[in-house]
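A note on names: the letters A, B, ... follow the listed sequences, proteins ahead of strands, and every chain is numbered from 1.
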Protein chains: 2
Amino acid sequence: MDATFENLMQELKIKNISLSHQRLKILEYLTQNHCHPTVEQIFIDLQKDIPTLSKTTIYNTLRILAEAGLVKVITIEDKETRYDIVTENHGHFKCESCGTIFDFPIDIDSLIPEDLSTFKINDKNVYFKGLCPRCLSNINDIK
Amino acid sequence: MDATFENLMQELKIKNISLSHQRLKILEYLTQNHCHPTVEQIFIDLQKDIPTLSKTTIYNTLRILAEAGLVKVITIEDKETRYDIVTENHGHFKCESCGTIFDFPIDIDSLIPEDLSTFKINDKNVYFKGLCPRCLSNINDIK
DNA sequence: TAATTTAATTGTAACCATTACAATCCGGTA
DNA sequence: TACCGGATTGTAATGGTTACAATTAAATTA
């Protein structure tokens, strides 16, 4: 349990969200797996610890955490909602070949267009798609 | 039929994609409705012209046009895939209250992070969420 | 501690956008 | 006209997500 995790716990206490065993494990999983997991992945991995765990609980918990602003919902493409612990500004790069999602640093705040001065911006997302270095080299090997 | 539409036709000819009556109407609809429509919206509107039109045809056509690079798939949130004719670089702002998607100009090319120098970037997306001016003023009216 | 109330979890069924697939239709060609 | 290949259509299947009611756990009160 690193400092980040403690901070999350504290934030939940402030926002009056009770932390059950299941919710704790889900939150713990997200802090330890920054791989932008799907509900399916979370479900498979946590079932080992909590055999009775239900997917509905995972959906409920992620919704609560997202509403509390602790978790970010990533929907680069349909049929594959992924979740991420909210950290500092970064963009997401999805490899079209292997499907892996990479984080990359980007100063999103620097790109507030003046055209949106009359809008209230709550959330900013930068999604790139393409090929990751590993898949690029694989393609070259085949040639 | 403006110049843009003619250009699209030409591009399709180059890419050897035949233009049936249905495909022509769908493409025409997209060039005339820059509201980022869903398949449902396209279906409802075009049914007036083509009573026998099927949703499968719309899905097929949009997939072909997207693969050809003429149409951009917008997935800001799950369960609501939207489509857009590809134009110059711009970001999308979705109002969390009324659901409208607004375009705003942004120089996406200027924000290529050096960390992605070993990646091949095929597609860049900038999605913002928040409240549009109209919904903001409505909230103020209620107060 | 026991009883009571409230919230969280679970499993099943429903939902709904998208896709798969087979049958039909249409346009061009010999 | 007959044929062929691609486009369209309608229906059924898919699968991630949500709704809902029952069960369980936790918190509160006496």
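Using a cut-off of 4.0 Å between Lys/Arg side-chain N and Asp/Glu carboxylate O, A:E77 and A:K79 are scored as not salt-bridged. A salt bridge is absent between A:E28 and A:R23; no separation between the charged side-chain nitrogens and carboxylate oxygens falls under 4.0 Å. A salt bridge links B:R82 with B:E80: at least one charged nitrogen is closer than 4.0 Å to a carboxylate oxygen.
Comparing B:E40 and A:T61, the nucleotide of DNA chain C nearest to each residue sits closer to the 5' end for A:T61. Heavy-atom nearest nucleotides on DNA chain C were determined for B:Y83 and for A:Q22, and the one closer to the 5' end corresponds to A:Q22. Nearest-nucleotide assignment on DNA chain D puts the 5′-proximal partner with B:S18, out of B:T56 and B:S18.
For an aromatic pair to be called close, the ring centres must be under 6.0 Å apart, and A:F102 with A:F128 fails this. In this structure, A:H34 has its ring center at least 6.0 angstrom away from the ring center of A:H36.
Nucleic acid contact for A:T38: none, since no nucleic acid atom lies under 4.0 Å from a heavy atom of the residue.
Using a 4.5 Å cut-off on side-chain heavy atoms (C-beta onward), A:Y83 and A:I58 make no contact. Counting only heavy atoms from C-beta outward, the side chains of B:L30 and B:V71 approach each other to under 4.5 Å. Annotation: side chain of A:I76 is in contact with side chain of A:K129 (closest heavy-atom distance under 4.5 Å). Residues A:I42 and A:T38 have side chains not in contact (no heavy-atom distance under 4.5 Å, counting atoms from C-beta outward).
Shown here for B:L131 and B:C95, the closest heavy-atom pair between the two residues is CA-SG, 4.0 Å.
Atom CG of A:L19 is separated from atom C1' of C:dT9 by 15 Å (rounded to the nearest Å). The distance from atom CG of A:L24 to atom P of C:dT9 is 11 Å, rounded to the nearest whole Å. Rounded to an integer number of Å, the gap from CD of B:E80 to C1' of C:dA17 is 12 Å. One atom, NZ of A:K79, and another, C1' of C:dT19, lie 6 Å apart when rounded to the nearest Å. One interatomic measurement links the two molecules: CZ of B:R63 to C1' of C:dT19, which rounds to 9 Å at whole-angstrom precision. A:Y59 places its OH atom 18 Å from the P atom of C:dC15, with the value rounded to the nearest Å. Between the CZ atom of A:R23 and the C1' atom of C:dA8 there is a distance of 6 Å, rounded to whole Å. Atom-to-atom, CD1 of A:I58 to C1' of C:dT9 comes out at 12 Å; the value is rounded to the nearest Å.
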Mind running ring pair (Phe, Tyr, Trp, His ring centres under 6.0 Å) on A:Y127 and A:F93 for me, showing each step along the way? CA-CA 6 Å; A:Y127 297 150; A:F93 180 98; over 10 Å; no
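The only option from A:T87, A:N125, A:D84 that meets the side chain to side chain donor-acceptor pair (under 3.5 Å) definition with A:K72 turns out to be A:N125.
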Polar atoms only, N or O, under 3.5 Å: list the protein pairs with nucleotides 25-30 of chain C and their distances.
none

When you compare the protein's N or O atoms with those of nucleotides 4-6 of chain C, which come within less than 3.5 Å of each other, and at what distance?
none

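Of all nucleotides in DNA chain D, those with any atom nearer than 4.0 Å to a heavy atom of chain B start and finish, going 5' to 3', at D:dA7 to D:dT17.
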